[in-house]
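For reference, the structure is listed below as structure tokens.
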Amino acid sequence: MKRIALLKARQAPAASTGAHCPVSGLWTPDESPQETHMFFEGQVLPAYQGAPTLWRRRQGSRES
């Protein structure tokens, strides 16, 4: 059974470069909000164009 703290982490709307993706779905870098990338839960979020960034989960992304 998952802890409550882990369930809240899955709902995180943002994560930074180097962090593990909290939930599968479409994510956008802060520098380019119109661009989307698909990441799966547990993947390490990459840098965007060679620089660290904050990735935001796209509204309406499907959760698994």
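F40 and M38 get closest at one heavy-atom pair: CE2-CE, 3.6 Å. Taking every heavy atom of both residues into account, A15 and P22 meet most closely at CB-CD, 4.2 Å. The two residues C21 and F39 have their closest heavy-atom pair at SG-CB, 3.8 Å. Residues Q34 and R58 approach most closely at O-NH1, 4.1 Å, considering heavy atoms.
Within the 4.5 Å cutoff, the side chain of L45 has no heavy atoms near those of the T17 side chain. In this structure, the side chains of V23 and R57 come closer than 4.5 Å at one or more pairs of heavy atoms. You'll find the side chain of P29 reaches within 4.5 Å of the side chain of H37, heavy atoms only. Counting heavy atoms from C-beta on, the side chains of D30 and R56 come closer than 4.5 Å.
Using modelled atom types, one finds no donor on one side chain facing an acceptor on the other under 3.5 Å when comparing E41 with S24.
The CG atom of L54 lies 14.0 Å from the OH atom of Y48; values are rounded to the nearest 0.5 Å. The structure places NE2 of H20 at 11.0 Å from CD of Q43, a figure rounded to the nearest 0.5 Å. The distance from the OG atom of S16 to the CH2 atom of W55 is 11.5 Å, given to the nearest 0.5 Å.
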